[in-house]
Trainee: 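One structure coming up, written as structure tokens, with questions to follow.
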Amino acid sequence: MSRIEYSDLTQSVLKRLFLFGLPAGVGAALFWYFGGMRYWGYLVVTLAKLLGFWTTVQFDGRDLIYQVTLEMGGTSFIAFKMNQFNLSFLEVMTLLGAWRHRSVKAGFRLAGWSVLILLGYQAIAFLAHCHAVEIGPDFANSQHIMWESSWWYVFMKNVAAFQTFILRYWAGFPVFALALLANTLTTGKPKTK
Amino acid sequence: MIEQKDTANRLQNFAREYRPEIRFVLIFLVIVGLGFKLVYNKTVADHVIVPITELETLVASKILNLSFVGYPNRQKGTVLSGTGGNPFRMEVRNNCNGVYESIVFLAAFIAIQIPWRRKIGWVSFGFFLFHLVNEARLVSLFIIGSSYSTQTFDFFHETFWQYTLVIVTLGIFLFCANRVTKMERPAPVKEAA
């Protein structure tokens, strides 16, 4: 990309970010404020059920609940605040608003990919986070279970740390980038300058 | 067979057409990954991250102690404690010091294929602006925590400021990238009357 192309692109994205992206983000925040995320939570938990068929998950209207079956019998629960996902939702809606769509149909198509990938990310992040807690020393201590470290625990701990490091606040960006990639690869349309 | 060839062609075309974008994303991801390793290194955390956090807490404390701001407090390390009958206490943690966002900002700037002599000034300006916004965030959070309910503080802490910081970082990056790439264009030729 030449310098002039960079310059034009950054200027137009900056303008669209504040003209259309920000209002879209505010709209998403209002949707959440008036209880919309409750319905969203049920979608996340349904997808998590499909992905994590080995465990039981549910949504109580506010928290996502992960059920752990203990080795010595009985069950325990790990709660995950749905609120932690709101930021990625707001970001995706902001970027969808800021993006220049070819047509209304193309806009809806990209929105569809974004929602699908966003839900997938949230379901996987929820399952991974709860699984990392489940195999961690704190949970073992709380249940009075002997705990030993393993390579899998170290790997999951690093995944959780990366989630805290960057994805918790910026997840909307890779989600939107993946949606763009999926949309471009499936439609095979050339980019517009 | 024809379908396979079609998919391969489509991927090849995609890789050719989006070469600068792919390069940008790859460089960006490598730097973010290195940043992640650095931030989670104990020596770096103790000798770089903690002093940065303490410095930001100190600046916030000085601003809050100004008579026209009127929120007297005591700063110890990364903790701000209200004085003069204000029981509010706030700890500036790793996620709140702006270091993560700075890494994202820096990674995006490094990934732009523009000579350093052109972009170094604007990177520094963007960094300064971003940390100014982060200071405003810390000061406002202390004021909100001292004067309003826990729910209000949580909303501003977990949602409003996180979203605002992400959008502001993106906005600052786009603005600086636009200034860096801006070059004098030939003036349009005016036709003689």
Trainee: Give a yes or no on whether Phe130(B) and Val48(B) share a hydrophobic cluster (residues Ile, Leu, Val, Met, Phe, Trp, Tyr; joining criterion: side-chain heavy atoms under 4.5 Å apart).
Mentor: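 Same cluster.
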Trainee: Looking at Val25(B), Val104(B), Ile103(B), which one has more heavy-atom pairs under 4.5 Å with chain A than the rest?
Mentor: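 Heavy-atom pair counts peak at Val104(B).
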Trainee: Which atoms of Phe175(B) are under 4.5 Å from chain A, going by heavy atoms: the side chain, the backbone, both sets, or neither?
Mentor: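 Its backbone and side chain both get close to chain A.
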Trainee: Where on Val32(B) is there a heavy atom nearer than 4.5 Å to chain A: the side chain, the backbone, both, or neither?
Mentor: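 The answer is both parts of Val32(B).
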Trainee: What I'd like to find out is whether the side chain of Thr159(B) reaches to under 4.5 Å of the side chain of Asn86(A), using heavy atoms alone.
Mentor: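 Contact flag for Thr159(B)/Asn86(A) side chains = no.
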Trainee: Distance from Gln162(B) atom CD to Leu90(A) atom CG, nearest 0.5 Å?
Mentor: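 Rounded to the nearest 0.5 Å, the CD-CG separation comes out at 11.5 Å.
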Trainee: Which one of Ile167(B), Leu174(B), Ile112(B), Val99(B) has the most heavy-atom pairs closer than 4.5 Å to chain A?
Mentor: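 The residue among Ile167(B), Leu174(B), Ile112(B), Val99(B) with the greatest pair count is Leu174(B).
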Trainee: Does any part of the side chain of Phe173(B), heavy atoms only, come nearer than 4.5 Å to the side chain of Thr10(A), both counted from C-beta?
Mentor: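 Not in contact.
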Trainee: For Leu14(A), which atoms come within 4.5 Å of any heavy atom of chain B: side chain, backbone, both, or neither?
Mentor: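 The answer is both parts of Leu14(A).
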Trainee: Could you see if Ile52(B) belongs to whatever hydrophobic cluster contains Val79(B)? Use Ile, Leu, Val, Met, Phe, Trp, Tyr and a side-chain cutoff under 4.5 Å.
Mentor: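 Different clusters.
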Trainee: Check each atom of Val166(B) against the heavy atoms of chain A and say whether the ones under 4.5 Å are side chain, backbone, both or neither.
Mentor: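 Contact with chain A: backbone and side chain both.
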Trainee: So Leu22(A) and Tyr163(B), do their side chains get closer than 4.5 Å, heavy atoms only?
Mentor: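 When only atoms from C-beta onward are counted, Leu22(A) and Tyr163(B) do touch, with a gap below 4.5 Å.
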Trainee: Check the hydrophobic clustering (I, L, V, M, F, W, Y; side-chain heavy atoms under 4.5 Å; chains of links allowed) and say if Ile124(A) and Ile117(A) are grouped together.
Mentor: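 Per the 4.5 Å side-chain linkage, Ile124(A) and Ile117(A) are co-clustered.
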Trainee: When you look at CZ of Phe18(A), are more than 12 heavy atoms from neighbouring residues, nucleotides or ligands closer to it than 6.0 Å?
Mentor: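 Yes, enclosed.
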Trainee: In terms of hydrophobic clustering (I, L, V, M, F, W, Y; side-chain heavy atoms under 4.5 Å; direct or indirect links), are Val139(B) and Phe68(B) co-clustered?
Mentor: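 Yes, Val139(B) connects to Phe68(B) through the hydrophobic network.
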Trainee: Would you say the side chain of Leu165(B) lies within less than 4.5 Å of the side chain of Tyr169(A), judging by non-hydrogen atoms?
Mentor: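 Tyr169(A) vs Leu165(B): side chains apart.
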Trainee: Measure distances from Leu87(A) to the heavy atoms of chain B and classify the residue's part below 4.5 Å as side chain, backbone, both or neither.
Mentor: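 When you check distances to chain B, only side chain atoms of Leu87(A) fall under 4.5 Å.
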Trainee: Flag yes if Leu132(B) and Phe109(B) sit in one hydrophobic cluster, no otherwise; membership is Ile, Leu, Val, Met, Phe, Trp, Tyr, and two members link when side-chain heavy atoms are under 4.5 Å apart.
Mentor: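 No, because Leu132(B) and Phe109(B) fall into different hydrophobic clusters, even though each may have its own neighbours under 4.5 Å.
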Trainee: Does atom CZ of Phe108(A) have more than 12 heavy-atom neighbours from other groups under 6.0 Å away?
Mentor: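 Atom CZ in Phe108(A) is not packed in, count stays at 12 or less.
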Trainee: Picking from Phe162(A), Phe173(A), Trp170(A), which has the most non-hydrogen pairs under 4.5 angstrom with chain B?
Mentor: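 When all of Phe162(A), Phe173(A), Trp170(A) are compared, Trp170(A) has the most.
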